[in-house]
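Chain letters run A, B, ... following the sequence lines, proteins first and then strands; every chain starts at 1.
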Amino acid sequence: MTDSALPLAGLRVLDISSFIAAPAAAVVLGDWGADVIKIEGPDGDPNRRIMHDSSNYPKSPVNYPWQMDSRNKRSIVLDLKQPAARAALDRLIAKSDILICNFPPLVREKLKLTYDDIKPVNPRLIYASLTGYGEQGPDRDRPGFDATAYFARSGLLDAQRYEDGPPGVPGPAQGDRATAMTLVSAILMALIHRTKTGEGSWVGTSLLGNGLWSCGVIAQAALVGAFLGPRPPPDRPRSALGNIYRTSDDRWLQLTIVRTDKLWAPLCQALERPDLIDDPRFAAEAERRARSAELAAIFSEAFARKPYEHWRKALAAKEVTFGVISRPQDVPDDQQAVACGAVVETAMPDMKRTLANPVQLGFAKQRPAQPAPALGQHSDEILGEAGLSAAEIVALKASGAVR
Amino acid sequence: MSEEALPLAGLLVLDVSTFIAAPAAAVALADYGADVIKIEAPGEGDPHRHNYKRSATYPRSDRNFPLQLDGRLKRSIALDLKKDTARPVLEKLIRRADIMIVNFPPPARERLKLRWEDVEPLNPRLVYCSLTGYGETGPDRDRPGFDVSAYFGRSGILDAARYEGGPPGLSLPAQGDRATAMTLVAAILLGLRHRDQTGKGSWVGTSLYANGAWANGTTLAGAAIGAKMVPRWPPDKPRNALTNLYRTRDDRWLQLLVVRDDRLWDTFCRAIGRPELANDTRFTDREERKQRALELHAELAPVFAARSYPEWEKALANTGIPFGVIERVTDVVDDEQAGHAGIFAETANPEVPRTVNNPIRLGFAKPRRSGRPAAVGQHSEEILRELSYSEAEIDVLKKSGALG
């Protein structure tokens, strides 16, 4: 497969965005062949430092989050507050197909980066906008992060808590990365529109909109006035046979037994508690439901006696249905994670594996990840391609507008 | 805006799928103009039609609210694919279709002759979109995948989403399904672009597992190179007191997210009415604030507990300090900002008068307004007539039970 056969080969993307959701959308376009130019301010995208700055990121000597969100991009430093840099940007816009922007609306206005500013420069351009909370309304200028806009504001975290417990916790960039796929879809819709009409367009999405789409069932329920309270904690579940249990090595197993009458005896055997099979307290489903806390306590004590691997095998041997709660550190070596295309090899010696975007195509393979660019690594080359002369580039650099 | 101007107008989509992720992708295509035909079993139809009554994790309602979300703007043909007489009908539909979405597990596809290699000869221009739980190959490819197991459990999200010492995190019904739907839409659109470029159809697809792994990608990319996993401390024992949850006087949770405390520390101390903290030698720089997170938390918790969330909202507004509230979904549906962001839409169905838009916004087109979702087989006869079946032929199919 040559790069030219990739579905987005020949398209130029300007990634004028920071952190994760919008840059990750640019990554996906790059995975499928687009030429992605990352435009950064003199300090660079703060995502270059997030692994150190955020307490929630696993720590490593390799800057893996930056590598993941910037693979296959080139970097140019433009100080867009300087008119000379802003003018150079217009030269790039004139030669591009897609521009991705996630500045808050006020900053866009200040930098003359709204769609209205840019459309005259290139009417065929697809302008992809990501905001935290939408383009209008009282909170449109509020900076949005995935923990706040996607997870908290949407009601997801409140719904993800156990009764009386604190709100749920999202993983780093979890909602950002889901949102990236929406932004990619929006951009591809605009490409179809451009093929049909010859015209560029504005497309976009918001973190809040994606969070609400994701919790659509409960949001749609709320729209008709239906609501379900928080889930009871594991020590007093609605059903002890549809509950989670901690193993002796601090792992968790999720029993997902629906046909409880059929699986009651095999479960008791797997748990080495055959005495429970004919225990009149738990003789039938009605009793097991009524005494679910009592039963959960007995099961908790049983599961706590042996490690996860033991229980996994013991339950499978008796054909008792259960769900696996993998630890992140198990996933990269899970054969199935490789089989479904999630974990892939890179072209980088210090980061041999990474996560592919979840799209699979029968006619093309995602480009292997090359190292993320250093800040401004490709400034000269990119300006040259935009038609600036060597003298112009030197002048821009001397003025500090470009680095 | 006329319907012809919608970007997917004129495309015929066969939704041969059940439950949520794949049907929700078909909904997004319908929202933007595609003609979506849902092919489902006669009688009960897609089992998702009954989730609102059967699933213990769904809020109770006598109205089929999930169907508005996952069945809107589709026509329904009830076809028993196990019957030989149904096959010619399906093949006629496949010949006319542009896109076909399938989520049967691989063995069922093989049995029903619904694999890409089975249908490509019928329509080489077809974009065949596959959703699986765990991928198309590998030891678990035949395992039925649901979002709680394949997207959330297997990908490590639930384990990562737990507080130190606590149980795994919780996911909501269809939470990962709906995120996965957006990936399916992207895959389908890439397939359409490839068809525009080459004239050829193709196989495209994704899996719930790969989408969960992608959502958990930051953590997994770290795990793949042996990065040290970090536990999530509960809100009363944070590792960073400036990116933490605080309970307010009115029992809400305020989410503080001062990521750029290198810039915002002074502003923050003033905004919360504790300007002297900015000069507190215990907290002069980022490193110290992190190392002394528990001490800083002890300073901040009573500050936040002293005022209600609306008071905090006023105090922090226009300071540049990122914060939010742990919102309740029952409030969000009336959130003015959600209205501005185009998140909810009015329907023409009086039973479910509002629904959730798909999150794609286009400057050149608005999503179609939805009416009442189709009943099982509501359009069976209409669709067969479009395929030039005579009334007599339709009768025979109905009598044989192949058509419902």
Honestly, the part of A/Ile192 sitting under 4.5 Å from a heavy atom of chain B is side chain
Heavy-atom proximity to chain B below 4.5 Å, by part of A/Val343: neither
Using a 6.0 Å distance limit plus a 45 degree cone around the ring axis, check whether A/Arg142 lies over the aromatic ring of B/Phe323. yes
What part of A/Thr195 lies closer than 4.5 angstrom to a heavy atom of chain B: side chain, backbone, both or neither? side chain
Using heavy-atom distances under 4.5 Å, tell me whether B/Val332 contacts chain A through its side chain, its backbone, both, or neither. side chain
For residues B/Ile157 and A/Gln174, determine if any side-chain heavy atom of one lies less than 4.5 Å from a side-chain heavy atom of the other. yes
Structural part of B/Thr132 lying under 4.5 Å from a heavy atom of chain A: neither
Check: B/Asp140 and A/Gln335 side chains under 4.5 Å, non-hydrogen atoms: no
Nearest atoms (heavy-atom pairs only) where B/Arg63 meets A/Val224: NH2-O, 3.4 Å
Measure B/Lys290 against the heavy atoms of chain A and call it side chain, backbone, both or neither at under 4.5 Å. side chain
Less than 4.5 Å to any heavy atom of chain B: does that hold for the side chain of A/Asp176, its backbone, both, or neither? neither
Between A/Gln160 and B/Ser171, do the side chains contain an N or O donor and an N or O acceptor separated by less than 3.5 Å? no
Give a yes or no answer on whether the side chain of A/Ser326 reaches the backbone of B/Gly156 with a donor-acceptor pair at less than 3.5 Å. no
Heavy-atom contact with chain B under 4.5 Å, split by part of A/Val28: side chain
B/Tyr58 and A/Val217, any side-chain heavy atoms less than 4.5 Å apart: yes
Starting at CD of A/Gln336, measure out to CZ of B/Arg154 and round the result to the nearest 0.5 Å. 6.0 Å
At a heavy-atom separation under 4.5 Å, does A/Leu156 approach chain B through its side chain, its backbone, both, or neither? both
Atom group of B/Pro235 that falls short of 4.5 Å from chain A, counting heavy atoms: side chain
Check each atom of A/Arg251 against the heavy atoms of chain B and say whether the ones under 4.5 Å are side chain, backbone, both or neither. neither
When every non-hydrogen atom of B/Pro359 is compared with those of A/Thr205, the smallest separation belongs to O-OG1, 2.6 Å
Which portion of B/Asn357 sits near chain A, non-hydrogen atoms under 4.5 angstrom: backbone
Using a strict 4.0 Å threshold on nitrogen-to-oxygen distance, state whether A/Asp53 and B/Arg260 make a salt bridge. no
Name the region of A/Tyr115, side chain, backbone, both or neither, that has any atom closer than 4.5 Å to a heavy atom of chain B. neither
Based on non-hydrogen pairs under 4.5 Å, which of A/Ile20, A/Asp139, A/Asp69, A/Ile187 is most in contact with chain B? A/Asp139
Here the pair of heavy atoms bringing A/Pro328 nearest to B/Asp159 is CD-OD2, 3.3 Å
Between the side chains of B/Gln337 and A/Gln136, is a donor N or O closer than 3.5 angstrom to an acceptor N or O? no
Does any part of the side chain of B/Arg193, heavy atoms only, come nearer than 4.5 Å to the side chain of A/Leu11, both counted from C-beta? yes
So for B/Leu190, is it side chain, backbone, both, or neither that comes closer than 4.5 Å to the heavy atoms of chain A? both
Using non-hydrogen atoms and a 4.5 Å limit, figure out which bit of B/Arg232 sits close to chain A: side chain, backbone, both or neither. side chain
Chain B contact via A/Arg246 - side chain, backbone, both or neither, heavy atoms under 4.5 Å: side chain
So what's closer than 4.5 Å to chain B heavy atoms on A/Pro234: side chain, backbone, both or neither? side chain
Just how far is it from atom CD of A/Gln360 to atom OG1 of B/Thr183, taken to the nearest 0.5 Å? 11.0 Å
Please check this pair: side chain of B/Arg178 against backbone of A/Trp213, looking for a donor-acceptor N/O pair closer than 3.5 Å. yes
By a 4.5 Å heavy-atom criterion (distance strictly below it), what part of B/Arg328 contacts chain A: side chain, backbone, both, or neither? both
Give a yes-or-no answer on whether the side chains of A/Ser206 and B/Arg361 include a donor-acceptor pair shorter than 3.5 Å. no
Less than 4.5 Å apart, side chain to side chain, heavy atoms only: is that true for B/Glu327 and A/Ser154? no
Nearest 0.5 Å, what's the CZ-OG1 distance between A/Phe145 and B/Thr243? 11.0 Å
Please classify the contact between A/Trp252 and chain B as side chain, backbone, both or neither, with a heavy-atom cut-off of under 4.5 Å. side chain
Counting heavy-atom pairs under 4.5 Å with chain B, which one of A/Ala24, A/Gly209, A/Gly225, A/Pro166 comes out on top? A/Pro166
Is there a side-chain contact between A/Glu135 and B/His340 (heavy atoms, below 4.5 Å)? no
Quick check: does any side chain N or O of A/Lys196 sit under 3.5 Å from a backbone N or O of B/Pro7, one acting as donor and the other as acceptor? yes
Per-residue contact mode, A/Arg231 against chain B (heavy atom under 4.5 angstrom): side chain
Measure the NZ-NZ distance between A/Lys59 and B/Lys228 for me, rounded to the nearest 0.5 Å. 10.5 Å
Hey, does the side chain of B/Gln68 reach the backbone of A/Gln220 with a donor-acceptor pair shorter than 3.5 angstrom? no
Of all of A/Asp250, A/Thr354, A/Thr197, A/Asp350, which one pairs up most often with chain B through heavy atoms under 4.5 Å apart? A/Asp250
Atom group of A/Ile218 that falls short of 4.5 Å from chain B, counting heavy atoms: both
Side chain / backbone / both / neither for B/Tyr128 at chain A, heavy atoms under 4.5 Å: neither
Checking B/Ala150 against chain A: side chain, backbone, both or neither under 4.5 Å from a heavy atom? neither
By a 4.5 Å heavy-atom criterion (distance strictly below it), what part of B/Leu192 contacts chain A: side chain, backbone, both, or neither? side chain
In terms of heavy-atom proximity below 4.5 Å to chain A, should B/Ile343 be classed as side chain, backbone, both, or neither? side chain
Sort B/Asp196 into side chain, backbone, both or neither according to what part of it lies under 4.5 angstrom from a heavy atom of chain A. side chain
Counting C-beta onward and ignoring hydrogens, is there a side-chain heavy-atom pair between A/Met189 and B/Tyr32 closer than 4.5 Å? yes
Considering only heavy atoms from C-beta outward, does the side chain of B/Leu245 approach that of A/Pro167 to under 4.5 Å? yes
Whatever's closer than 4.5 Å to a heavy atom in chain B on A/Ala356 counts as backbone
More than 12 non-hydrogen atoms from neighbouring residues, nucleotides or ligands closer than 6.0 Å to NZ on B/Lys200, yes or no? no
Distance (rounded to the nearest 0.5 Å) between B/Leu189 CG and A/Leu191 CG: 9.5 Å
The interface call for B/Ile326 against chain A, heavy-atom contacts under 4.5 Å, is both
Rounded at 0.5 Å granularity, tell me how far CG in A/Leu223 sits from CZ in B/Phe344. 5.0 Å
Look only at the side chain of A/Ser214 and the backbone of B/Gln175, and say whether a donor-acceptor pair between them is shorter than 3.5 Å. yes
Checking the side chain of A/Ser185 only, and the main-chain atoms of B/Met182 only, is there a donor and an acceptor separated by less than 3.5 Å? yes
Without swapping roles, check the side chain of B/Thr206 against the backbone of A/Pro358 for a donor-acceptor pair under 3.5 Å. yes
